S.K.: 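To start, I am sharing the structure in question, which I have written as structure tokens.
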Amino acid sequence: MPGRSSSPIPAGLGQLAAARPPAPGEHPGLLNCLAAVPDPRRAKGRRHPLAFVLALAACAVLTGARSLTAIAEWAADAPPTVLAALGGPCREPSGPTAPAEATVRRVLQRIDGDALDIAIGSWLAARDPDRPPSGQDPLSRPRRSLAVDGKTVRGARRSDGTQVHLLAAMTATGLVTAQREVDGKTNEITVFRPMLAELDLADTVVTFDALHSQTAHARFLVEDKKAHYIAVIKGNQPLLHQRLKRLPWRDVPLLGKTRATAHGRDEIRRVKTATVADLDFPHAAQAVQIVRRRRTITVGAVTLERVYAVTDLAADQADAAEIARRIRRHWAIENQLHHVRDTAWTEDALRVRTGTAPRAMASLRNLAIGALRLAGHRSIAAGLRHHARNATRPLTTLGIT
């Protein structure tokens, strides 16, 4: 039975209980994952463990906190029992104390962004419903999907004036398992392979937009990661794009057709695939044509678009309907991640700018979105309100007891 808020708690008890080593076959807890992130602060004068500060920030963001100040305010209001469960050190008879706003700000502005994203991504990936159970052959289950896409955090600026741009990888279940920041002097291409290098992608179908339709990326996925790809081909691959356009598509039978009405538009998609042996793209086995006919319901305007793609999946591995479904599922990263961060936390309007704080806040939002989806919340906004009404609910959702 938990002690009253005024009950003295032995020093370190909450930290030891919350960050215990995982048992064999057990997924590592969030505090164990966060404990692997290096502390950017000097050892002298530290009053609060890094994992404790990060866990407090994660809980606060899960209740809708949008800024560093809001995180510190939530931590200041958290009861001692919550602070103890998160690993807060006990130096006062009344129990653990929350870190000051300056501590929260200093940590998130100087944190190793790659290490934080690895910690969050590993915690989410271990709980992905599509992940094969330990010891099971991945090939015995339907192929997983992973969508790769980037987003600019428009309200954030680096010291050189460039905007913060993040590349993320999201599963079909809406979990962000990897994220990297793109340097202001380059583009997403340079961080594609480093971001995916540590992920288990065996028999996973990776989808991405035309920017990442690079021969090096295709070889990396198939040869190094034993994965599959569906690559959209546009003007950045002019010779291949022209080759795909010149294929005798009129002679190819229509293999799939879908219709959907949403956001004031009526869209019809027609899909054709053809097995082509000599496409000048690594491991390409099929060419794909998708014709999109969109009609704006209110004004009746009609647009027609033809999209071409290639994939290493042979016809007996993926038919036209499956390929079209995976291509369409790719754009869920826009609606289920980027749009959610913008609407639920007004990410693009925020002015968190110093150091690594913009990326750290985006990482914590990814964690909150994934945790809410794992807990069965269909509406992220409603899930945030639900957790804001009770300080212990974030702990339950994040698996901290």
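If you read the sequence from its start, that first residue is 1, and numbering goes on from there. Source: prediction; values computed, not measured.
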S.K.: Please tell me if the side chains of Tyr308 and Leu247 come closer than 4.5 Å, counting only heavy atoms from C-beta onward.
M.R.: no

S.K.: Can you tell me how far CG of Leu166 sits from NE2 of His338, rounded to the nearest 0.5 angstrom?
M.R.: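 Going from NE2 on His338 over to CG on Leu166, the span is 8.5 Å.
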
S.K.: Only pairs at least two apart or in different chains count here, so list each side-chain hydrogen bond (donor to acceptor under 3.5 Å, both in side chains) that has a residue in residues 239-250.
M.R.: Arg243-Asp278

S.K.: Heavy-atom count check: over 12 atoms from other residues, nucleotides or ligands less than 6.0 Å from Arg378 CZ?
M.R.: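 No.
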
S.K.: Is it the case that the side chain of Lys225 and the backbone of Leu199 share a donor-acceptor pair, with hydrogens and angles ignored and the cut-off at 3.5 Å?
M.R.: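 Side chain of Lys225 to backbone of Leu199: a pair is present.
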
S.K.: Does any non-hydrogen side-chain atom of Glu322 lie less than 4.5 Å from one of Val205?
M.R.: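 Heavy-atom side-chain distance check fails, nothing below 4.5 Å.
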
S.K.: Can you tell me if Arg365 uses its side chain to pair, donor with acceptor, with the backbone of Arg341 under 3.5 Å?
M.R.: no

S.K.: Evaluate the side-chain proximity of Asp149 to Glu334: yes if any heavy-atom separation is below 4.5 Å, no if none is.
M.R.: yes

S.K.: After noting the C-alpha distance and the side-chain angles of Asp209 and Trp331, does the key distance pass the side chain to side chain contact (heavy atoms under 4.5 Å, CB included) rule?
M.R.: CA-CA 9 Å; Asp209 59 21; Trp331 298 113; 4.1 Å; yes

S.K.: Are the side chains of Leu56 and Val104 in contact, using a 4.5 Å heavy-atom criterion?
M.R.: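 Val104 vs Leu56: side chains apart.
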
S.K.: Mind checking side-chain hydrogen bond (donor to acceptor under 3.5 Å, both in side chains) for Arg41 and listing every partner two or more places apart, or none if nothing turns up?
M.R.: Asp39

S.K.: Verify, without hydrogens or angle tests, whether Lys226 (side chain) and Glu223 (backbone) share a donor-acceptor contact under 3.5 angstrom.
M.R.: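 The answer is yes, because a donor-acceptor pair under 3.5 Å joins these two groups.
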
S.K.: Could you measure the distance from the CZ atom of Arg131 to the OG1 atom of Thr204? Nearest 0.5 Å is fine.
M.R.: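 So the gap between those two atoms works out to 10.0 Å.
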
S.K.: Let me confirm one number: the OG1-CG distance from Thr173 to Leu374, rounded to the nearest 0.5 Å.
M.R.: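 Interatomic distance, Thr173 OG1 to Leu374 CG, rounded to 0.5 Å: 7.0 Å.
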
S.K.: Might you point out which heavy atoms bring Val176 and Leu124 nearest each other, and give the distance in Å?
M.R.: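 Taking every non-hydrogen atom into account, O-CD1, 3.3 Å.
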
S.K.: For Gln317 and Ala314, indicate whether the former's side chain and the latter's backbone hold a donor-acceptor pair under 3.5 Å.
M.R.: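 Present.
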
S.K.: Show your reasoning for whether side chain to side chain contact (heavy atoms under 4.5 Å, CB included) applies to Met361 and Glu347.
M.R.: CA-CA 9 Å; Met361 292 296 291; Glu347 181 175 84; over 6 Å; no

S.K.: So Asn32 and Trp123, do their side chains get closer than 4.5 Å, heavy atoms only?
M.R.: no

S.K.: Would you say Val288 and Thr273 make side-chain contact, with heavy atoms under 4.5 Å?
M.R.: yes

S.K.: Which heavy atom of Leu364 sits nearest to which heavy atom of Val61, and what is that distance?
M.R.: O-CG1, 3.8 Å

S.K.: Quick one: are Asp183 and Val191 in side-chain contact, heavy atoms under 4.5 Å?
M.R.: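 Asp183 does not reach Val191 side chain to side chain.
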
S.K.: Begin with the C-alpha distance, continue with both residues' side-chain angles, and end with the deciding distance and a verdict on side chain to side chain contact (heavy atoms under 4.5 Å, CB included) for Asp203 and His228.
M.R.: CA-CA 6 Å; Asp203 209 40; His228 304 281; 3.0 Å; yes

S.K.: Provide the closest heavy-atom pair for Leu83 versus Thr97 in the form atom of the first, atom of the second, distance.
M.R.: CD1-C, 3.9 Å

S.K.: Testing the basics here: between Ala178 and Met195, what is the closest heavy-atom pair and its distance to 0.1 Å?
M.R.: CB-CG, 3.6 Å

S.K.: Could you tell me the separation between the CG atom of Leu201 and the OH atom of Tyr229, rounded to the nearest 0.5 Å?
M.R.: 15.0 Å

S.K.: Would you say the side chain of Trp74 lies within less than 4.5 Å of the side chain of Val82, judging by non-hydrogen atoms?
M.R.: yes

S.K.: Dump the intermediate steps for side-chain hydrogen bond (donor to acceptor under 3.5 Å, both in side chains) on Arg326 and Thr207, then the final yes or no.
M.R.: CA-CA 8 Å; Arg326 290 186 185 274; Thr207 57; over 6 Å; no

S.K.: Any donor and acceptor pair, going by atom type alone, linking the side chain of Arg329 with main-chain N or O of Ala172 inside 3.5 Å?
M.R.: no

S.K.: More than 12 foreign heavy atoms under 6.0 Å from CZ of Arg306: is that the case here?
M.R.: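 Incorrect, the count does not exceed 12.
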
S.K.: Hydrogens and angles aside, do His387 and Thr397 bring a side-chain donor and acceptor to less than 3.5 Å of each other?
M.R.: yes

S.K.: Near Asn390 CG, under 6.0 Å, is it more than 12 heavy atoms from other residues, nucleotides or ligands?
M.R.: yes

S.K.: How close do Phe281 and Gln237 get, counting heavy atoms only, and between which atoms?
M.R.: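 Scanning both residues, the minimum pair turns out to be CE1-NE2, 4.4 Å.
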
S.K.: Using 30° and 60° as the class boundaries, would you call the ring planes of His217 and Phe192 parallel, tilted or perpendicular?
M.R.: parallel

S.K.: Would you check, one step at a time, whether the test side chain to side chain contact (heavy atoms under 4.5 Å, CB included) holds for Trp345 with Ile369?
M.R.: CA-CA 11 Å; Trp345 287 277; Ile369 292 169; 3.7 Å; yes

S.K.: Within the supplied structure, the quantity of interest is the number of heavy atoms (other residues, nucleotides, ligands) at a distance under 6.0 Å from Glu198 CD; does it exceed 12?
M.R.: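 Not more than 12 within 6.0 Å, no.
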
S.K.: Indicate yes or no: does Arg259 engage Asp266 in a salt bridge with an N to O separation below 4.0 Å.
M.R.: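 Answer for the salt bridge query: yes.
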
S.K.: When rounded to the nearest 0.5 angstrom, what is the spacing between CD in Gln163 and NZ in Lys151?
M.R.: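 Taking CD in Gln163 and NZ in Lys151, the distance rounds to 10.0 Å.
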
S.K.: Quick one: CG on Leu350 to OG on Ser67, what's the gap to the nearest 0.5 Å?
M.R.: 7.5 Å

S.K.: Give a yes or no on whether the backbone of Leu68 and the side-chain of Glu101 come within a donor-acceptor separation of less than 3.5 Å.
M.R.: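 Checked: no pair found.
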
S.K.: Set out, in order, the CA-CA distance, both residues' side-chain angles and the distance that settles salt bridge (charged side-chain N to carboxylate O under 4.0 Å, His left out) for Arg359 and Asp117, then state yes or no.
M.R.: CA-CA 9 Å; Arg359 176 182 179 178; Asp117 277 319; 2.8 Å; yes

S.K.: Any donor-acceptor pair under 3.5 Å linking the side chain of Thr346 with the backbone of Thr343?
M.R.: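 Here the side-chain-to-backbone pair does not exist.
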
S.K.: For Pro40, which of Leu108, Thr356, Leu50, Asp112 qualifies under side chain to side chain contact (heavy atoms under 4.5 Å, CB included)?
M.R.: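 Result: among Leu108, Thr356, Leu50, Asp112, Leu50 is the only option passing the side chain to side chain contact (heavy atoms under 4.5 Å, CB included) with Pro40.
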
S.K.: So which atom in Val352 and which in Pro358 form the shortest heavy-atom distance, rounded to 0.1 Å?
M.R.: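 Minimum heavy-atom separation between Val352 and Pro358: O-CG, 3.0 Å.
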
S.K.: Does the salt bridge (charged side-chain N to carboxylate O under 4.0 Å, His left out) test come out yes or no for Asp319 and Arg325, once each step is laid out?
M.R.: CA-CA 10 Å; Asp319 58 15; Arg325 183 171 62 253; 5.8 Å; no

